[in-house]
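Have a look at the structure below before the remarks.
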Amino acid sequence: MRHIEDLITQLSPGDRVFLRADLNVPLTNGKITDANRIEAVLPTLRTLLDQGAVILMATHLGRPKEHDLRWSTAPIARVLHSDFDIPIEHVEEFPPGEAVKNALDSASHGSVLLLENLRFDPREKTNDRDFAQGLVRHCKYYVNDAFGCCHRSHASVSAAASILPAFSGFLIQKELKILTEIRDSPKRPFWVIAGGAKVKDKMGVLAQLGPQLDGVVCTGGLANTLLAGEGIDVGASRTEPDALNAVKELLSGGPEPVLPVDFVAGDDLEHPSEVVSIQAGDPVPEHLSFFDIGEKSLDHIKSRLQSAQTIFWNGPAGVFETPEYSNGTREIACFLAQHAGRVVIGGGDSAAAVRQLQISDRFHHVSTGGGASLEFLEGRTLPGLEALSKSCRQDNECTG
Ligand code: ADP
Ligand code: MG
């Protein structure tokens, strides 16, 4: 794979670069509520601007089914300009045609044009080559810094990289370096904390990391599923019984999983009117679910994690979005923030939880990848990364 450093050596002022970024930021009433993804692409953006490149930047935003201006990328351009001082213009025409060409022709060296939402055209998701061609037609180089989109075989991440000489940006490089370390050579003792809602999603990661694991902490739906499988009453808690045998098999032969011993149970996920503490093994009224782990569990988990050198955390310990169930996730996050070992956080909701607590900068790494980082850790081939590697093989510029 060629990196942005390789591009810098051949870039001349005025060269046009197509930059696929992941600026899929949360929007409420047209306002950006978390600029983390915008900040993540700044190193690549600023490096290209410093070289005098004319950047045609593109992202998807939300899940519009068609051209729908509620999902316009215009607010992103405004924030890049006002908060980060990036010389940028937003172009409304999409897919790009004459107006985009004219805008590129008149753009100053060292400036950005932001295209409309890639998903305004259904051909983005079908990896349509003609659509990709239309996106990059007026550019000389292609840069992908959208790590969080690399697991999707979409036109701007996959087909587009096969049309121009393609390079990875700084964010992709950083994610690859850290996630490869975690996957292939973590400093031991190595622990995983697996929680969240989607049990099956965590299984691929556990399968891949399993042989190197010195310990696993299970919370959330994974813990509930395992406890229910042992005949422990979990009331109406979220479980995935059809995944139970596979999970048990995965964990067998490895270290004994650390399971919660007490819970915060409630009658409703979002607006509880009844919230009680329950010890594992006690009878649970059938209208209650375990939505968080309790204090005893937290003490136990923290003491077990004390000596870990590397910790990968994926999946919140409870329903952190609801204040009544947020304690477990907050306690684990704060404990990990001051832990001496190397802590890496993966998964979209886990990353959102630590950002909400405003402690993201206290970890070795908080992956921007969500599903992409999990698929990478599972050892799967990500179409976006594959396309970058193929591009340089095609140009005979590298062997990787
Ligand atoms: P990530 O995005 O970090 O990989 P998931 O998507 O698997 O994590 O799960 C995140 C969601 O899990 C959060 O929205 C949280 O509310 C939910 N969750 C955590 N614990 C529980 C629980 N005990 N019961 C139901 N939902 C839970
Ligand atoms: Mg999630």
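Ligands are counted one by one from 1 in listed order, and the atoms in each one are counted from 1 as well. We count residues from 1, following the sequence as given. For clarity, every value in this text was computed on a predicted model and none was experimentally measured.
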Any idea which part of Thr322 is under 4.0 Å from ligand 1, heavy-atom wise: side chain, backbone, both or neither? neither
Under 2.8 Å from the Mg ion (ligand 2), which protein N/O/S atoms are there? Asp349 OD2
If we set the cut-off at 4.0 Å for heavy atoms, which region of Asn314 has an atom near ligand 1: side chain, backbone, both, or neither? side chain
Close approach of Asn224 to ligand 1, heavy atoms, under 4.0 angstrom: yes
Ion pair Asp50/Arg46, N-O distance below 4.0 Å: no
Closest approach of any protein heavy atom to atom 8 (O) of ligand 1, naming residue and atom: Lys202 NZ, 3.4 Å
Check Arg119 with Glu66, please: is the shortest side-chain N to carboxylate O separation under 4.0 Å? no
Does an N or O from Ala197, backbone or side chain, lie closer than 3.5 Å to an N or O of ligand 1? yes
Test of proximity, Asp292 against ligand 1: N or O pairs below 3.5 Å: no
To which of Gly221, Gly318, Gly195, Ala351 does the heavy atom nearest atom 18 (N) of ligand 1 belong? Gly318
With Glu181, which of His365, Lys187, Arg342 fulfils side-chain hydrogen bond (donor to acceptor under 3.5 Å, both in side chains)? Arg342
Aromatic rings Phe94 and Phe120: how do their planes relate, parallel, tilted or perpendicular, breaks at 30° and 60°? perpendicular
